[in-house]
2 protein chains.
Amino acid sequence: MTECSSNPIIDEWLGRLQAAGYRLTAPRKAVVETIATSQHVLSPQEMYEQARERYPALGLVTVYRTVEKLDELGLIQRVHQPSGCHAYIPAAPGHQHLLICQSCGRAEYFSGDRLDALMEEVAGESGFQIQDHWLQLFGKCRDCGVNFS
Amino acid sequence: MTECSSNPIIDEWLGRLQAAGYRLTAPRKAVVETIATSQHVLSPQEMYEQARERYPALGLVTVYRTVEKLDELGLIQRVHQPSGCHAYIPAAPGHQHLLICQSCGRAEYFSGDRLDALMEEVAGESGFQIQDHWLQLFGKCRDCGVNFS
DNA sequence: GTGATTGCAAAGCGTTTGCACCGTA
DNA sequence: TACGGTGCAAACGCTTTGCAATCAC
């Protein structure tokens, strides 16, 4: 954990935490380093296991408390899947939608601006004022989707 | 609870339970009658409170066990919302998408077949094999969305 | 030095399980 | 009558909270 991370995303997140008045501690850095660059959805338990490789004395409670702060700062977002809703990924800039591999948890964003017309149509038909929307696709990624499944 | 329900949806659900080898009991009927015709998402706790008006001796455990069976038979589906994922509604026939009021929990389905082109496009760009998708819109329904909010 | 942060242990909450009694088929 | 279903109480897993010791600033 003394290694110079020199990853711009991690540095950005640490800076955001500091700017919000939070202190930069070794356990907190271990958690941030684990999530900030993850391509896969991570549950608190998974963050805990992975971050402990960087900081073995880490407590699970610290993971929860760090997740809370990162969520509050909009740096991560919870991912809802058929299998459960306990995982997080780095938040997308702007309004994007999710593509998630149900085998390995790989998550990718894609632009969903093609939905505006549909949403207006549904709003008109239903009388709802639409405030938010979720579009998520589930499947198998290139690595998991190959033959003999 | 002795009252003749004579609601075709309720009768259909009770028949499906019976056909699957489950017995029709008064507590189970109270839960089915509560969910089968609900226009609003219901958590197990809410089902419990509402179903107790029909069968006051009902136990919360029976709600969970009935939900499990209805889910297994595809009669209900879990609803995922920003505020949590503990609620259920009657399942949609075919592939439909959801529109949910964040004030009162009213849920409506709409057809999402307009998504096929988008999904193919995203599959091609990402290399994912898409197996399932969720599209959900959140907002305020006609009754909740009115003025002075 | 001071106050935020930590890890532990305990509490909290929604859900599931064990069990003896009950009621459907 | 037989056996699935019931409610209670206890167990469970995940998450949060209370607390004294620690550490960033």
Side-chain angles (χ1 to χ4, degrees), chain A residues 1-2 5 11 13-35 41-49 51-52 54-73 76 78-81 83-88, chain B residues 1-2 5 11 13-35 41-73 76 78-81 83-88:
Chain A
M1 52 281 183
T2 350
S5 69
D11 292 342
W13 286 32
L14 293 175
R16 293 280 297 277
L17 279 168
Q18 203 161 36
Y22 298 119
R23 292 180 178 177
L24 300 187
T25 65
R28 194 164 275 175
K29 281 179 188 168
V31 176
V32 168
E33 286 167 10
T34 298
I35 326 178
V41 304
L42 292 177
S43 66
Q45 185 65 40
E46 288 164 341
M47 294 177 202
Y48 175 62
E49 286 157 15
R52 263 166 94 90
R54 297 170 182 275
Y55 186 82
L58 180 68
L60 180 56
V61 180
T62 297
V63 173
Y64 280 102
R65 289 193 271 229
T66 304
V67 162
E68 182 182 43
K69 285 163 183 57
L70 294 176
D71 194 28
E72 166 195 320
L73 295 176
I76 58 174
R78 186 187 286 261
V79 175
H80 298 257
Q81 299 179 86
S83 57
C85 309
H86 299 233
Y88 293 83
Chain B
M1 48 284 178
T2 349
S5 69
D11 292 342
W13 287 33
L14 294 176
R16 293 281 298 276
L17 280 168
Q18 204 162 34
Y22 298 119
R23 293 182 178 174
L24 300 187
T25 65
R28 195 165 276 175
K29 283 179 187 167
V31 176
V32 168
E33 286 168 9
T34 299
I35 324 176
V41 305
L42 292 176
S43 67
Q45 185 65 41
E46 289 164 341
M47 295 178 203
Y48 175 62
E49 286 158 13
Q50 293 186 25
R52 263 166 93 87
E53 291 173 13
R54 298 172 182 274
Y55 185 81
L58 180 69
L60 180 56
V61 180
T62 296
V63 174
Y64 280 102
R65 289 194 270 229
T66 304
V67 162
E68 183 182 42
K69 286 162 183 58
L70 294 175
D71 195 27
E72 166 196 321
L73 295 176
I76 58 174
R78 187 187 285 264
V79 175
H80 298 257
Q81 299 179 83
S83 57
C85 308
H86 299 233
Y88 293 83

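Residue numbers begin at 1 in each chain, while the letters A, B, ... track the order of the sequences.
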Inset, instruction - Find which nucleotide of DNA chain D each of B:Arg28 and B:Tyr48 is nearest to by heavy atoms, and output the residue with the more 5' nucleotide. - result: B:Arg28
Inset, instruction - Provide, to the nearest angstrom, the distance between the NZ atom belonging to A:Lys69 and the P atom belonging to D:dA24. - result: 16 Å
Inset, instruction - Give a yes/no answer on whether the side chain of B:Thr25 brings an N or O atom under 4.0 Å of OP1 or OP2 in D:dT6. - result: yes
Inset, instruction - Among A:Gln45, A:Glu46, A:Arg52, find the one that has a side chain to side chain donor-acceptor pair (under 3.5 Å) with A:Tyr48. - result: A:Arg52
Legend entry - B:Val32: which of B:Ile76, B:Leu17, B:Asp11 passes side chain to side chain contact (heavy atoms under 4.5 Å, CB included): B:Leu17
Inset, instruction - For A:Ala30 and A:Arg54, work out which heavy atoms get closest and say how close. - result: O-CD, 3.7 Å
Legend entry - Spacing between A:Tyr22 atom OH and C:dT6 atom P, to the nearest angstrom: 12 Å
Legend entry - For B:Arg23, salt bridge (Lys or Arg N to Asp or Glu O under 4.0 Å) partners two or more places apart: none
Inset, instruction - Name all residues meeting the salt bridge (Lys or Arg N to Asp or Glu O under 4.0 Å) criterion together with B:Arg78; count only those two or more places apart in sequence or in a different chain, and write none if there are none. - result: none
Legend entry - Between D:dT22 (P) and A:Leu58 (CG): distance, integer Å: 18 Å
Inset, instruction - Would you kindly give the CG-to-P distance between A:Leu17 and D:dA24, to the nearest whole Å? - result: 15 Å
Legend entry - Point-to-point distance, once rounded to the nearest 0.5 Å, from NZ of A:Lys29 to CG of A:Leu58: 14.0 Å
Legend entry - Under 4.0 Å protein heavy-atom contact, by nucleotide of nucleotides 12-17 of chain C - B base, S sugar-phosphate only: --SSBB
Inset, instruction - Report yes if at least one side-chain N or O of B:Arg23 is closer than 4.0 Å to OP1 or OP2 of D:dC3; otherwise report no. - result: no
Legend entry - D:dA24 OP1/OP2 closer than 4.0 Å to side-chain N/O of A:Gln18: no
Inset, instruction - Would you mind reading off the distance between A:Tyr55 atom OH and D:dA24 atom C1', rounded to a whole angstrom? - result: 12 Å
